[in-house]
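What follows is a single structure, written as structure tokens, with notes after it.
Throughout, a chain's letter reflects where its sequence line sits, starting with A, and its residues are numbered from 1.
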2 protein chains.
Amino acid sequence: MVTYELSDTDVDRIFQALADATRRDIVSRTLTDELSVTALAGRYDMSFAAVQKHVAVLERATLVVKRRRGREQMVQANPEAVRRAARLLDAYEKIWHDRAERIGDLLSDTTKGTEQ
Amino acid sequence: MVTYELSDTDVDRIFQALADATRRDIVSRTLTDELSVTALAGRYDMSFAAVQKHVAVLERATLVVKRRRGREQMVQANPEAVRRAARLLDAYEKIWHDRAERIGDLLSDTTKGTEQ
DNA sequence: TTCATATGTAACCATTTGGTTGTACGTTAG
DNA sequence: CTAACGTACAACCAAATGGTTACATATGAA
């Protein structure tokens, strides 16, 4: 598995992009269907320009990609980016799990004299 | 496993809180060590008030909890919240995976006449 | 009690965000 | 070719964000 190096700014952009319900919905929809910006705009109670901006935020965060089809721009989620975000959080979980395990060891392991 | 229902606003707050490198670092550190706000503030090149605000943002998002110890407030990450965030992203991955599987089935399954 | 420490909060500021409307431009349909 | 459509972008606005300094409050030490 190839894991790309994400800068702090990259990660900022990913979580920032996910911190809005409309944008999460766009990701959700475009995971299964490739939708034009106009088609997406029709689904939300806001201007086309607003939706277009949301798509741009997602694009900057690499959470979606756009592909030209005639005069339309088809939006599709990038599952790899979603995956990377999930793995980032997994890493936090792992830190915690390792610590919990260490504490467990300290509490149960009474044979060795490594405690201070 | 108990899964709490998260509102859009809850999720907004979680991802918003994670969209800042300082706050991610605070989560990371307090997963292993319980640290006072002052101890945390000492580690970043910004005012105490700024760090205190970051902790407040994390607290509102339930990503950390505070516990009083004498005159200090000890900050500790809440692994359950991190976990919930990770599972949210897993759900997106699952949507994509299911769709990929459906497409795979359509392409490979030539024996049944279920295609439209 | 008094003082120092740890925290919280208010007021302020610059920048970003999330929305708007209007306009310009590229592409396709007729 | 021309008109309609789909998209992009600029200018604007209100609200939120991320930082500051200053002050207020709570707790522990002596």
task: Report the C-alpha separation of B/Asp10 and B/Ser7 in whole Å, then their side-chain angles, then the decisive distance to 0.1 Å, and conclude whether the side-chain hydrogen bond (donor to acceptor under 3.5 Å, both in side chains) test is met.
output: CA-CA 5 Å; B/Asp10 294 335; B/Ser7 72; 3.2 Å; yes
Outer limits of DNA chain D sitting under 4.0 Å from a non-hydrogen atom of chain B, read 5' to 3', are D/dG18 to D/dA29
Would you please name every residue forming a side chain to side chain donor-acceptor pair (under 3.5 Å) with [X], sequence neighbours left out?
{"X": "A/Arg24", "answer": "B/Asp12"}
{"X": "B/Arg69", "answer": "B/Glu72"}
{"X": "B/Arg67", "answer": "B/Glu34"}

By nearest-heavy-atom nucleotide on DNA chain D, the more 5' of A/Gln16 and A/Ala39 is A/Ala39
Report all side-chain donor-acceptor pairs from residues 16-23 of chain B shorter than 3.5 Å, counting only partners two or more places apart or in another chain.
from	atom 1	to	atom 2	distance (Å)
B/Asp20	OD1	B/Thr22	N	2.9
B/Asp20	OD1	B/Arg23	N	3.1
B/Arg23	NE	B/Ala17	O	2.8
B/Arg23	NH1	B/His54	ND1	3.2
B/Arg23	NH2	B/Gln16	O	3.2

Hits for salt bridge (Lys or Arg N to Asp or Glu O under 4.0 Å) against A/Asp33, two or more places apart or cross-chain, chain-then-number order -> none
Sequence neighbours excluded, the answer for salt bridge (Lys or Arg N to Asp or Glu O under 4.0 Å) partners of B/Arg13 is none
Just list the side-chain donor-acceptor pairs under 3.5 Å for residues 35-42 of chain A, sequence neighbours left out, or say none.
from	atom 1	to	atom 2	distance (Å)
A/Ser36	OG	A/Ala39	N	3.0

Rounded to whole Å, the CZ-P distance (A/Phe15 to C/dT17) equals 16 Å
Just call it for B/Ser36: base, sugar-phosphate, or nothing, with non-hydrogen atoms closer than 4.0 Å on any strand.
-> sugar-phosphate
What residues 42-75 of chain A contributes to the DNA chain C interface at heavy-atom separation below 4.0 Å is A/Met46, A/Ser47, A/Ala49, A/Ala50, A/Lys53, A/His54, A/Gly70, A/Arg71
So, with a heavy-atom separation below 4.0 Å from DNA chain C, the residues of residues 24-32 of chain B are none
Writing each nucleotide of DNA chain C 5' to 3' as (, ), [, ], | or . by Watson-Crick or G-U pairing under 3.5 Å yields ||||||||||||||||||||||||||||||
The complete set of side-chain hydrogen bond (donor to acceptor under 3.5 Å, both in side chains) pairs with one or both residues in residues 90-99 of chain A, sequence neighbours excluded, reads A/Arg87-A/Asp90, A/Asp90-B/Arg87, A/Glu93-B/Arg83, A/Glu93-B/Arg87, A/Lys94-A/Asp98
